[in-house]
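Quick note: residue numbers are just sequence positions, from 1.
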Amino acid sequence: MQYINNYAFSGAWITSAEFAKLKKINVFHRYLERPVREKSEYQNRHILFRKKFNLTETKDAKIIIGADDCFKLYINGRFVGECFSQNVRTLDVEKYLIKGENLIAVHTYYQGLINRVFVSGDNCHGLICDLVVGGKTVLKSDENFLYAYHSAYTSNGVIGYDTQFSEIYDAAAREVGFEQPDFDDSCWQHAKINNNACTLGVSESKPLVFESVKPELTKTDYGYFADFGANYVGYLNLTVKGERGSEVVLRFSQELSDGRARYKMRANCIYEDKMLLSGGADELRQFDYKAFRYAEIILPRGAGLYENSVTLTARHYPFKTEQKTFDNPDIKSVYELCIHTLKYGVQETVQDCPDREKGYYLGDGCYIALTFGKLTGDYSLFRQLVRDAIKTSAVSPSLLTCLNCSLIQEIAEFPLIMVFAVKIYLELTGDSAFVSEIISGLKSVLDCYKSAYTDVTLITHIDKWCVVEWPDNFRDNYDADLEQNKLLTETHCVINAYYYAALSAYNDLAGEELYDTKAVKTAYLDAFYDSQNKRFKDSVNTDRSSLVSNLFSYSFGLCPNEAKEEIIAELENRGIHSVNMFCAFPLLYRMQSEGRDLTQHILNKNAWLNMLREGATTTFETWGKEQKWNTSLFHLTLSYIAFFM
């Protein structure tokens, strides 16, 4: 019997004969260890499962299902749902079932890449499920399921940072229509039991919802151009009829270049897929999702597009918030930009961006999830983020940066941001039960920082990357050695400001002074504060005083009253656009808690209004398209200004 959290599956992990024979690869390690390890030879495998079964009753039917790496579920030919987060899902399925013979069909996927999306590259693939009707298990995954590889999907290259495969979809493949009850599966094989432990968890978050978006469709000399009006995350749908074997080219983008889709994107993604026609009326069936506004449909000679078939299926987390009114139209535009970004950008988890990396980042995620919760009242994504982060202590006691994935990274500030964010969560929700659940995990992290990285009081060396602010052109020439991939021995300002903030937040959460924050503050001021100039130095090895050192010192309550107004005056003179995503949130949070008016920062012509001026429908990774070498134009983090509105 397979237990995942507290649920005992009747079903077994099933897989193909190929994967049943493979040895599991351990993809986890500390970041600086970088061990030599095996590399999975298996990539981009689409594996289908089918099983017919009979029912005498359908009321109160639910399926508990998970797959490694991910799945799309169909019952009796109808799409039920999907999960790309490697969590077990419980889905209500009564409306899809009938009395008599039924069919369950599942499209599973093993990606095999080491990236920020999945725990993959580990040779583990599998499906597990129980169908429960009226409290009784009536179907379970076992060797009576049939399986086959879906030959319709081949690779047109890798997108982003090994994020996903661009797809060539062959509409003539024999497995097309596998989800339909009348599909002939007589040549399929019986599934095999997978004895490897697959990597799944259980989430309290809700299943995704799906919306159909119609485009403004224009006929062109190459085919058709579709504008969906704004950036969304999801799949293009269309039906084309043309000569068998002829090729439709599909290009997607978030902006235009000379009137065409800029499918070679700033974010290091080449968004080009292809579709091979069967000779009949073929429906495009994309598997993996993209983030796009525009689509070019480049047709082969003689092919015809069914114009009414062109839609975008937007996938997103359930989102509902109260409508707000604003007297200032610019403030309204900024707010609506953030709302669209959060509504259509948040998926099963809070990714930083749904294009280049699809990364479940701890630091960015805290601020995104808090904003999402404050707007909707649903903080389940924040709670799941914290739980998932604490689980990574099994790999690194001071936690990993990007969660539920096989790409290993450690950023020093992110676990400290989490502790700070939990305090904000408690202030917003009063949810002391959750705090009690995770408080020991928070303490373990801080104890690790204290024992491993300090000289009694301040952090003086650390085997993680200190990001300070990102991209690095927003650090104001911060004078400390922040090179990645090595032990950092320099005692510098910003990481110690975060450390003090996390210790203070923990004391507030615990309701007692477990950490001597007075001693840390005294040591911090002694090390970094220049009382004569009323400024904070970047490190103990320099007299350089950057804007970020002073703003972080102010944001986390380390700034003497004598220096506060001068620091705020410098901010107002230079503008909120002088810093970026990591400094701006704690800065605005401190300013708002002190009763300061944030209007001038919201209306800064070089910040959110600049995104809008450059055509944004979703928030950028920076304030402008040209401010980073690989700027994502659909990056959720800076949508957190809605938290303060």
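- When side chains are defined from C-beta on, L636 does not count as touching F372, because their heavy atoms never get closer than 4.5 Å.
- Applying the salt bridge (Lys or Arg N to Asp or Glu O under 4.0 Å) rule to pairs touching residues 457-479 yields R30-D463, E410-K464, D476-R544, D476-R574, sequence neighbours excluded.
- With sequence neighbours excluded, the residues that form a side chain to side chain contact (heavy atoms under 4.5 Å, CB included) with A421 are C366, L370, F382.
- With no hydrogens or angles considered, no side-chain donor-acceptor pair links Y317 and T376 at under 3.5 Å.
- You'll find the ring centres of H492 and Y478 inside the 6.0 Å limit.
- In the model, S85 has no side-chain atom that pairs as donor or acceptor with a side-chain atom of Y360 under 3.5 Å.
- Neither side chain, Q384 nor N87, offers a donor N or O lying under 3.5 Å from an acceptor on the other.
- The shortest side-chain heavy-atom distance between S398 and Y453 falls under the 4.5 Å cut-off.
- A salt bridge between E348 and R89 is absent, with no side-chain N of the basic residue lying under 4.0 Å from a carboxylate O of the acidic one.
- No hydrogens or angles considered: a donor-acceptor pair under 3.5 Å links the side chains of Y515 and D447.
- A centroid separation of less than 6.0 Å is found between the aromatic rings of F420 and F556.
- A cation-pi arrangement, defined by a distance under 6.0 Å to the six-membered ring centre and an angle within 45 degrees of its axis, is present between R315 and F84.
- Between Y335 and F326, the ring center distance clears the sub-6.0 Å criterion.
- When ring centroids are compared, Y232 and Y344 come within the 6.0 Å threshold.
- Checking S539 against N541 by side-chain atom types alone, no donor-acceptor pair falls below 3.5 Å.
- No side-chain heavy atom of H316 sits less than 4.5 Å from a side-chain heavy atom of V346.
- Test L375, I339, I331 against M645 for side chain to side chain contact (heavy atoms under 4.5 Å, CB included) and you get one pass: I331.
- Using a 4.0 Å cut-off between a side-chain N of Lys or Arg and a carboxylate O of Asp or Glu, E570 and R535 qualify as a salt bridge.
- Looking at residues two or more places apart in sequence or on another chain, you find no salt bridge (Lys or Arg N to Asp or Glu O under 4.0 Å) involving D526.
- Within the cation-pi definition used here (under 6.0 Å to the ring centroid, within 45° of the axis), K358 qualifies as a partner of Y289.
- Side chains of I641 and C338 form a contact here, defined as non-hydrogen atoms less than 4.5 Å apart.
- Between K625 and E614 there is no salt bridge, since no side-chain nitrogen of the basic residue lies less than 4.0 Å from a carboxylate oxygen of the acidic one.
- For K450, the salt bridge (Lys or Arg N to Asp or Glu O under 4.0 Å) criterion is met by no residue, not counting sequence neighbours.
- R383 has no carboxylate O lying under 4.0 Å from a charged side-chain N of E437, or vice versa, which leaves the two without a salt bridge.
- The list of salt bridge (Lys or Arg N to Asp or Glu O under 4.0 Å) pairs with a residue in residues 416-434, not counting sequence neighbours, reads K423-D508.
- Outside the 6.0 Å centre-distance limit, the rings of F292 and F634 are not counted as a close aromatic pair.
- Y554 and E594 form a side-chain donor-acceptor contact under 3.5 Å, judged by distance and modelled atom types alone.
- With sequence neighbours left out, D364 forms a side chain to side chain contact (heavy atoms under 4.5 Å, CB included) with D352, Y361, I368, F414, M581, F582, H635, T637.
- For the pair K374 and F643, the cation-pi test (distance below 6.0 Å, angle within 45°) is passed.
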